[in-house]
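Throughout, protein chains are lettered first and strands after them, A, B, ... in sequence-line order, and every chain is numbered starting at 1. Please read all numbers here as calculations on a predicted model, not as lab measurements.
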Protein chains: 2
Amino acid sequence: MNDTNSVVIDLGAVIVAVTDGRPLTLARQGPAIDAAEARSIARGFDIAGDALPSGAFDPTRHRTLELGLRETVSRRIGVNLGYVEQLYTFGDRGRHPREREGGPRVISVGYLALTRETQMPVPESTAWRQWYDYFPWEDWREGRPPMIDRLILPLLKEWIAAPKSPAERARRQDRATICFPEDNGGWDEEIVLERFELLYEAGLAAEAQRDGAATFALDGQAVPPPGTPMMSDHRRILATAMGRLRAKLKYRPVVFELMPESFTLLQLQRTVEAILGSNLHKQNFRRLVENSGLVESTGEIEPQTRGRPAAKFRFRREVLRERLAAGVRISGSR
Amino acid sequence: MNDTNSVVIDLGAVIVAVTDGRPLTLARQGPAIDAAEARSIARGFDIAGDALPSGAFDPTRHRTLELGLRETVSRRIGVNLGYVEQLYTFGDRGRHPREREGGPRVISVGYLALTRETQMPVPESTAWRQWYDYFPWEDWREGRPPMIDRLILPLLKEWIAAPKSPAERARRQDRATICFPEDNGGWDEEIVLERFELLYEAGLAAEAQRDGAATFALDGQAVPPPGTPMMSDHRRILATAMGRLRAKLKYRPVVFELMPESFTLLQLQRTVEAILGSNLHKQNFRRLVENSGLVESTGEIEPQTRGRPAAKFRFRREVLRERLAAGVRISGSR
DNA sequence: CATATTTATGCTCTAATTGAGTATAAATAT
DNA sequence: ATATTTATACTCAATTAGAGCATAAATATG
């Protein structure tokens with residue numbers, strides 16, 4: 001281990017909130033703001049993409065990576081995070097603009113943070129962006145997104161057919177079928193990252209073109225790749241966060257980190273649906289939540305509703321101490 | 001981001017195999033130590049304990065972290081890994097010996113690899129070690145390990161009572177109850193890391209003493225901390241691997257990476273039990289596995305057994321392509 | 001050889017959970 | 001007044017989980 005092995009660590013945070021059924025993440029919008037990044041964009045090495053809140057890990061000041069992340073976010077966004085969980089560490093060469101400038105290798109450590117939008121006054125440079133702006137194929141609440149059949153599958157078909165080796169074609173076909181099955185029943189909402197990696201490799205992500213892939217066309221027409229791109233490998237980190245949260249929801253009571261102090265069961269359901277990207281059976285959702293022991297009635301009643309007013313509930317924080325609580329089990333609908 | 005932010009990455013692998021119901025990990029053996037020796041080593045900066053196969057990430061040669069890990073293991077152990085999965089990235093200050101000598105900050109990226117012992121001729125410097133040498137409280141196959149009640153709970157009780165603040169005492173009590181419940185029903189086999197972190201913080205891990213904690217005594221007698229210690233934060237990485245594998249077993253068909261080409265259902269069950277550290281109901285296990293579609297009969301019959309000879313099965317590798325297959329669901333026993 | 005022991009395998013029974021409805025209640029909108 | 005909307009209660013069938021009983025097919029033992 002000597003100096004030639006040294007790298008710098010970039011700590012990135014997917015800061016999640018869900019407001020009125022919109023799943024949100026905090027992002028610095030548009031073209032990168034700093035000089036080095038601006039130069040690389042000018043040379044055509046980068047595309048303008050949103051960026052997750054991130055900052056360098058400073059080994060002299062930070063005792064742990066998580067503390068480093070908290071400090072970075074607190075300094076840059078001005079908010080102290082509550083629930084934080086490490087996601088994944090990416091170190092692929094050639095995904096970071098500074099690296100392409102001849103700078104040191106950048107290793108990205110991604111984190112997931114859960115908050116409430118209203119609790120977080122954010123600086124002007126950042127804004128709450130909807131998850132599904134970046135991953136439009138992941139939102140099935142209005143049914144199967146038409147872009148899957150109209151755009152993604154036709155282009156994947158070309159990608160599958162491209163290699164000479166039949167074995168490689170079969171591998172590509174298998175991956176495509178698992179990630180984007182023809183029938184809705186086979187859709188697995190948790191493999192968000194696998195799907196994005198597939199699109200990236202197939203050249204259907206703007207980042208892949210930035211990183212050197214060819215542009216693509218459908219019916220002879222150049223098509224913009226689906227979803228808003230992000231800087232560096234931030235869209236991978238966001239995909240990891242979405243997949244992790246979709247999975248975790250089901251076995252740990254993490255949704256409540258996203259809820260206000262008291263809420264109706266429909267508000268809770270809409271939050272879960274926003275994260276999962278699919279709709280649930282209302283009566284069964286109620287049954288599961290009520291029987292889980294995770295919530296208790298506050299006695300209040302939600303005013304200002306259209307139909308019958310709903311009872312309000314609160315999360316029983318005690319369960320976190322009593323036992324290792326399970327999450328919100330779900331049973332789908334639609 | 002400048003030079004002062006640079007760190008080095010240590011890639012560590014938990015290489016797992018299960019042979020005859022013994023869950024194994026590959027380790028470079030540390031100096032054998034008794035309790036007194038442990039204390040003197042702890043005062044110095046030296047390595048005390050076994051080490052996982054590991055090596056520095058070389059950003060000039062390695063395109064991704066995982067490729068770096070594969071290359072390191074292949075070079076040092078002489079084996080090409082199959083199934084590999086990233087676990088977690090630890091960056092805590094003060095856990096790495098070289099760092100304490102004034103070297104650069106070391107960030108550990110841990111990986112889990114699944115193999116078969118017989119496939120892996122290993123160099124003399126390393127050996128297969130049983131998981132439960134490092135974590136004796138995690139093996140419940142012979143019932144609740146007596147050390148929990150004889151050693152761990154009494155010492156935790158002191159640790160819980162120590163702080164002046166009642167709130168801090170309550171927090172400690174809650175953590176202890178979740179990690180080491182009094183009644184067997186509450187035991188959660190997946191929170192291996194949480195349990196180890198608790199013991200570390202309570203000073204009940206030799207590594208904690210190395211890192212500066214006080215030694216401890218039971219009934220006035222100095223006691224060696226439970227479990228074989230490891231270098232740096234390798235025992236944390238191993239704990240992460242155990243927890244991850246115990247969880248993953250249940251929702252992805254990963255056990256088969258540890259099985260030979262053909263096997264009896266009891267062999268499969270023993271492997272699962274070795275990983276989980278608890279026993280399963282034989283008939284129900286058989287029912288689940290047979291109905292899962294994950295295996296098919298080979299037509300062979302296992303000779304040289306005590307009782308009735310068992311039919312042999314093989315893993316249907318096709319399922320990995322057909323669909324995103326679930327794991328071996330389990331129903332406990334004993 | 002007869003019998004105990006061991007392991008494999010098939011089957012049953014009950015309780016709990018899941019998935020999909022129907023029915024009714026209590027509010028607002030027209 | 002009546003339609004519409006949302007909340008909430010309840011039912012029913014299918015599936016799954018947890019536990020155990022029973023029988024089969026081998027070896028071990030006296």
Novice: Sugar-phosphate atoms are those with a prime plus P, OP1 and OP2; base atoms are the rest. Using that split, label each nucleotide of nucleotides 9-15 of chain C B, S or - for protein heavy atoms under 4.0 Å, 5' to 3'.
Specialist: BBBB---
Novice: Could you tell me, to 10°, how much the axis swings from one end of the helix from C/dC1-D/dG30 to C/dT30-D/dA1 to the other, five pairs per end?
Specialist: 10°
Novice: Please work out which of the three classes, parallel, tilted or perpendicular, describes the rings of B/Trp137 and B/Phe196, given edges at 30° and 60°.
Specialist: parallel
Novice: Find the distance A/Phe285:CZ to C/dG21:C1' and express it as a whole number of Å.
Specialist: 19 Å
Novice: Under 4.0 Å between a side-chain nitrogen and a carboxylate oxygen: does that hold for B/Arg244 and B/Glu85?
Specialist: yes
Novice: Using modelled atom types only, decide if a donor and an acceptor are shared between the side chain of B/Thr298 and the backbone of B/Lys312 within a distance under 3.5 Å.
Specialist: yes
Novice: Any sub-3.5 Å donor-acceptor pair from A/Arg116's side-chain atoms to A/Met259's backbone N or O?
Specialist: yes
Novice: For A/Trp140 and A/Trp187, take the angle between the two ring planes, folded into 0 to 90°, and tell me which bin it lands in: parallel under 30, tilted 30 to 60, perpendicular over 60.
Specialist: tilted
Novice: If you look only at pairs with a residue in residues 291-311 of chain A, which of them pass as a ring-ring contact (aromatic ring centres under 6.0 Å, His included), with sequence neighbours excluded?
Specialist: none
Novice: Look only at the side chain of A/Arg129 and the backbone of A/Ala27, and say whether a donor-acceptor pair between them is shorter than 3.5 Å.
Specialist: no
Novice: Between the side chain of A/Arg316 and the main-chain N/O of A/Gly293, is any donor-acceptor distance below 3.5 Å?
Specialist: yes
Novice: Collect all protein-nucleotide pairs involving nucleotides 28-30 of chain C in which both atoms are nitrogen or oxygen and the distance is under 3.5 Å.
Specialist:
from: C/dT28; atom 1: O4'; to: A/Arg306; atom 2: O; distance (Å): 2.7

Novice: Could you check which residues of residues 266-275 of chain A get a heavy atom under 4.0 Å from DNA chain C? Sort them by number, please.
Specialist: none
Novice: Are any side-chain N or O atoms of B/Arg235 and backbone N or O atoms of B/Tyr134, one a donor and one an acceptor, separated by less than 3.5 Å?
Specialist: yes
Novice: So does B/Phe135 get a backbone contact from the side chain of B/Glu138, meaning a donor-acceptor N/O pair under 3.5 Å?
Specialist: no
Novice: Between B/Arg144 and B/Glu182 (salt bridge meaning N to carboxylate O under 4.0 Å), is one present in this structure?
Specialist: no
Novice: Excluding sequence neighbours, so at least two apart, what forms side chain to side chain donor-acceptor pair (under 3.5 Å) with B/Ser297?
Specialist: none
